[in-house]
K.L.:
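Take a look at this one; I'll ask things after.
Numbers restart at 1 for each chain; the letters A, B, ... are given by sequence-line order, proteins then strands. All values below come from the heavy atoms of this structure, side chains included, with hydrogens, waters and symmetry mates left out.
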Amino acid sequence: MEASLLAGLNPAQRAAVTSKVPVLQVLAPPGSGKTKTLTSRVAHLLAHRDYNPQNVICCTFTIKASREMRERLRALVGEQLESKLILGTFHSVCRRYLAAYGTKIGIAKGFGIADSSDSKSIVKRIIKEHDIKLEPQTARSKISWNKARFRTVASLEAELAKSKEPAQSKQDMITVFREYEDELKNNNLLDYDDLLLRCVDLLRAQPTCVANVEALLIDEFQDTNIVQYELMKLFASARNHITIVGDPDQSIYGFRSAEIENLKRMQAYYRDAVVINLEENYRSGGAILKLAQDVIDQDTARPDKKLKSTHCHGALPVLRRLPNSFEEGLWIASEVKRIIASTGGLIGHADIAVLIRSGYLSSRVEKAFTNAGIPYRMVGGTRFFDRAEIRLIVDYLRTISHPDNNAAFLAIINVPSRKIGEKAIESLAKLSEEHKLPIFRVVQKVLAGSLVPEKKLSKPSEQDLSRLISIINKARDKMEDMQPAQVPSRLIEYVVEVLHLQAYLQKKYKDDYEDRIENVQELIAYASDMTVMSTTETLPTVEGIAQEQIDQCQEALDQFLANIVLSSEVEQDDKDDPKPRVTISTIHSAKGLEWPVVFIPSVYDGSIPHSRAEDTDEERRLLYVAITRAQALLNISFPLIGSRDQGLNAHDLTPFLPESLHYRTANKAPLFTDSIIADIARILRRETPSPADIAQGVTSISNSESLEDDRWPLDGRPALGPEQDIMTGGWIVGAGRLQPADSSFQSTQGIASYQTTMTSSRSFSTSNTSMNAGFTTAGQQMRSINTMHQGHTLQDSPAPPAPATNAPRGIQSFFSRRPSAAEAARQAWSARPSQSAPVSASKGGGRSGTQPQSLSQSVSNLPTMPSISDRHGTSDPQQLLPHLSNHRLPAFNAMGRAAAPGRVLTGQTGSVGVKRPRPLPLEELSPNRSKRVYHFLSSSPTQELFDENGEVTIGTKEDFDTAMKVGKQNTPSCGTNSHPGGSTKDSGTERGGPALQRPPVDPRKRQLGVRGSFVPWNERKRK
DNA sequence: CAATTTCCGCTTTTT
DNA sequence: GCGGAAATTG
Ligand SMILES: Nc1ncnc2c1ncn2[C@@H]1O[C@H](COP(=O)(O)OP(=O)(O)OP(=O)(O)O)[C@@H](O)[C@H]1O
């Protein structure tokens, strides 16, 4: 056993695992086996040094890390021992201690945990009440900032008293802080910081609680804040036997008050502390490590440390430029498919991760995955438990668990509607204040008639309220008769039933109630799985101090609720869902994990480093962490232009990947040659797939897909060629996506033209040289984009002037470059059932073979539409304006990427996630979800103007207003030039001329990337 | 007074 | 594309 435990370890790791020193710090770079060492050490202590698992505390920072560690330990020492360990996040371990001993320091039994939204609403209420000018968000983070540093209301007051100029803002802050703390106390709630702080209080007052602790082990120690540091000392106080592992370079939780200095502090405090360094990296290919090293070396304050590779060099990391974030998503999806298909089973979906800086960046990738049929799971994004229907149920449970929790009770008091409004709640709250009673009790008394609110409740609301009270009380009674393990799920079922939740959801969310009901079912399933957790959360009994007598059922419920608050995501149940999935995760939640293939999209300045980040070094470390997650393949990418949300402004590549590092990267993803595949297999310590396997995999690549990363030009221009019908599920007409430069524009007069100016090597601006009212054309637009990109070279390697039409593509190049597998592949290829045209001539559209359908052809193929002019008996734009629909255009969403001022697109109307009611339903105009031509005045389609040809002009209200003004002064003639994106030379004239003038756009608003008064995100609030 | 509708502003990272 | 505030309707 001992041998097998140590077998997979190098000498330094072994030394750390078996070390007998009391205080041990293992400091090492990523991938050096820190976690493995820590886990082995726990196993070693249990198996060979006779430590009792009940007396070993193991702390991690994230739920995922603790789960991972539990699993690894189960494999090493068996469930018997593993389940007895005190293992979890700091917060969850603290919760257990407070639940067991909290009453000893005056924490009432059955305390609840305030999650961020509870804290937020409490702070908000206080701010409103006191009319304090403070952003709830900032107030909340300041409170947390202080609490994480042991600063209390009292200490802040003392500080303020000492300072010469008492600032009002500080006083306000203290007021909010004080009221917030009072509010938590009155509701018997602890927030995240309280869990730690109160546990420190507890252990200081009652060190006996941890008298049994023989060893304390902490993972990712660089992320401790000083409260956690204090906890470390207290947890270990009986024996002072501590092992921590960490890496200062991976400190990414500074925003949560983590202090890297704790490492030094610890060395100073425990004089006998021994440091062991691990050096070899066992995770990543050499090329990836070199890039990682160069990135982290930019931090000059950092002591020089080198990453030592144990693997071959492997494929160069990829730094890929793409036109915009939508196409970046498409690229990732197509790469995922390509990687899986070309590596002969070596790499599967589960081996791939997409790591993003911010949660919202996931949506594009998710959409692209969905449409490409790639299974994925998103971790730590929009949280399951934050969904309205889930929160509602959870708030019911919280009320059932603890009716005195005002926050929870107020959240449910009028949901579903009980005709209790603002005023009614106000008067109830007043009574609650006066009588120092929780609102729940107040309501009971009011209903019994022993209290009378200022504002008398209406009869129906009184009835509904008494029903609510009885629901809660009945649930509490029922709970006692249940099996503890079943309490959460049974209670949920009860709540769902008595509230007629299904009907309620159906009514409230007409559009997507099915999803919501599914969510509820998922919650029930999650609750039923609770059983497993409960045993591992029990603390051992310690001589000399009694634990709280716990009511099993109550405890089961509280544990369930705590887990919801302290976790953030539902664990994917591997049993039900063995389907391998690509992981999409934030970089933060990916810490400590590894994948064979890692994508890091959107590495632009403003995302990494985030525009609001205070600490650039931490942002750099974040990129470092992301890079070092990759084992064999690393794909970094960034969009040259932001999405419409970001005003289509140009992005700069992150400063953390300056040009001087680009030689460490390739500008496109590798072709999977035999030697690359062999390298990947070696790095992953997997078997190299046979040529036959590889050939087999290749057959899954469809005609329209390439075996090379050659769908997008290397310099970030949009892909030309066949329109990808990914987003609209099947059809976009011909080449309607972007009109190619058309000779008819050359003669067009009055068109605003763009001139691109290089302002620096890294940025550019486009300036408009003509102020004529008129329309730019798609071709014009296209040319200006091209000019721009040509001037905007980001890499030394020359970009090809156009997509490589002559270069061997797809399977052909595969054959020419992979002689060893070529024959097998060729056979497999010809054995394909539907052996149609070769790749280059298939959907190749404009590039080879089939001519794309011209837009005019497409348009004439459109079914005839009822015209809005006919419907309203006028063609006066002013009169028609009120009839414009006022929702986001679904087809626009569907086409996502392509809309820009002056562009012309053909697309399909239909509902894509539009929830809002529409003044003018599109279906009404186009009952068959027909094809339409869209003219974009701007990239923000809040209004549409239909003309009698069934064509739609899209723009903001502002665009239309301006257009109307300009149009009146200078009525454009009905020629090509009066039509935005007039690429359809026939769109008006050939069909009798537009009855409605398509309103001209103010040219100033048409500069690429500048939409009206829009200010890009990263420049908005940099206060 | 409550419910519904519309409009506005804003999106770091986690326990 | 959402939550919250303001405006409007019931
Ligand atoms: N001695 C070893 N021989 C072979 N492989 C090893 C060895 N030690 C660790 N590994 C492997 O290296 C990889 C990284 O290990 P681990 O996750 O423990 O590193 P880490 O230092 O915790 O990384 P990070 O700091 O990124 O969390 C794992 O796949 C692990 O199995």
K.L.:
Counting only side-chain heavy atoms from C-beta out, which of dT15(B), dT12(B), dT14(B) sits nearest to L566(A)?
P.N.:
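Of the candidates, dT15(B) comes closest.
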
K.L.:
State which of dC1(B), dA3(B), dT14(B) makes the closest approach to the side chain of S417(A).
P.N.:
dA3(B)

K.L.:
Phosphate oxygens OP1/OP2 of dT14(B): is one of them under 4.0 Å from a side-chain N or O of R256(A)?
P.N.:
no

K.L.:
Just the rounded figure in Å: distance from C1' of dC2(C) to CD of E389(A).
P.N.:
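After rounding, the reported distance stands at 14 Å.
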
K.L.:
Do we see F255(A) stacking on the base of dT12(B), given a limit of 5.5 Å between centres and 30° between planes?
P.N.:
no

K.L.:
Please state how far atom NZ in K147(A) lies from atom P in dT15(B), giving the value in whole angstrom units.
P.N.:
18 Å

K.L.:
From the set dT12(B), dA5(C), dT14(B), return the single nucleotide nearest to any side-chain atom of Y253(A).
P.N.:
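The listed nucleotide nearest to Y253(A)'s side chain is dT14(B).
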
K.L.:
I want to check one thing: is the phosphate of dT14(B), taken as OP1 and OP2, less than 4.0 Å away from some side-chain N or O of T586(A)?
P.N.:
yes

K.L.:
Can you tell me the distance, in whole Å, between the CG atom of D617(A) and the P atom of dT12(B)?
P.N.:
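Answer to the nearest Å: 21 Å.
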
K.L.:
Excluding sequence neighbours, so at least two apart, what forms side-chain contact (heavy atoms from CB on, under 4.5 Å) with A411(A)?
P.N.:
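Residues passing side-chain contact (heavy atoms from CB on, under 4.5 Å) with A411(A): D395(A).
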
K.L.:
Between Y526(A) and F560(A), how do the two ring planes meet: parallel, tilted or perpendicular, split at 30° and 60°?
P.N.:
tilted

K.L.:
H91(A) has an atom NE2; how far is it from atom C1' of dT14(B), in whole Å?
P.N.:
9 Å

K.L.:
Just checking E422(A): base, sugar-phosphate only, or nothing, at a heavy-atom cut-off of under 4.0 Å?
P.N.:
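The residue E422(A) makes sugar-phosphate contact but no base contact.
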
K.L.:
Between H610(A) and D193(A), which is nearer to the 5' end of DNA chain B once each is assigned its nearest nucleotide?
P.N.:
H610(A)

K.L.:
K147(A) and side chain to side chain donor-acceptor pair (under 3.5 Å): which single residue from D193(A), D191(A), N225(A) fits?
P.N.:
D191(A)

K.L.:
Charged N to carboxylate O under 4.0 angstrom, D249(A) versus R620(A)?
P.N.:
no

K.L.:
I want to verify a distance call: between dT12(B), dA5(C), dT15(B), whose nearest atom is closest to the Y192(A) side chain?
P.N.:
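The answer is dT15(B), which lies nearest to the side chain.
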
K.L.:
Sort out for me which residue in Y97(A), F61(A), Y253(A), Y192(A) forms a ring pair (Phe, Tyr, Trp, His ring centres under 6.0 Å) with F90(A).
P.N.:
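The option that passes is F61(A).
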
K.L.:
Rounded to whole angstrom units, what separation is found between the CD atom of E135(A) and the P atom of dC10(B)?
P.N.:
8 Å

K.L.:
Using whole Å, report how far CD of Q137(A) lies from P of dT13(B).
P.N.:
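Going from CD in Q137(A) over to P in dT13(B) covers 11 Å.
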
K.L.:
Can you figure out which of dA3(B), dT14(B), dT12(B) approaches the side chain of R612(A) most closely?
P.N.:
dT12(B)

K.L.:
Describe, in one word, how the ring planes of H588(A) and F255(A) are oriented to each other, choosing from parallel (under 30°), tilted (30 to 60°) and perpendicular (over 60°).
P.N.:
perpendicular

K.L.:
K419(A) has a side chain; which of dT15(B), dA2(B), dT12(B) sits nearest to it?
P.N.:
dA2(B)

K.L.:
What integer distance in Å separates K507(A):NZ from dT4(B):C1'?
P.N.:
12 Å

K.L.:
Can you check the R357(A) CZ to dT14(B) C1' distance for me, whole Å?
P.N.:
12 Å

K.L.:
dT15(B), dG4(C), dT12(B): which one has an atom nearest the side-chain heavy atoms of T62(A)?
P.N.:
dT15(B)

K.L.:
Go nucleotide by nucleotide along DNA chain B from the 5' end; which of F90(A) and I420(A) gets its closest nucleotide reached first?
P.N.:
I420(A)

K.L.:
Is any side-chain nitrogen or oxygen of S589(A) closer than 4.0 Å to OP1 or OP2 of dT14(B)?
P.N.:
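It does, given that an N or O in the side chain of S589(A) lies less than 4.0 Å from OP1 or OP2 of dT14(B).
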
K.L.:
Regarding N414(A), tell me which of base, sugar-phosphate or nothing describes its non-hydrogen contacts under 4.0 Å with the strands shown.
P.N.:
sugar-phosphate

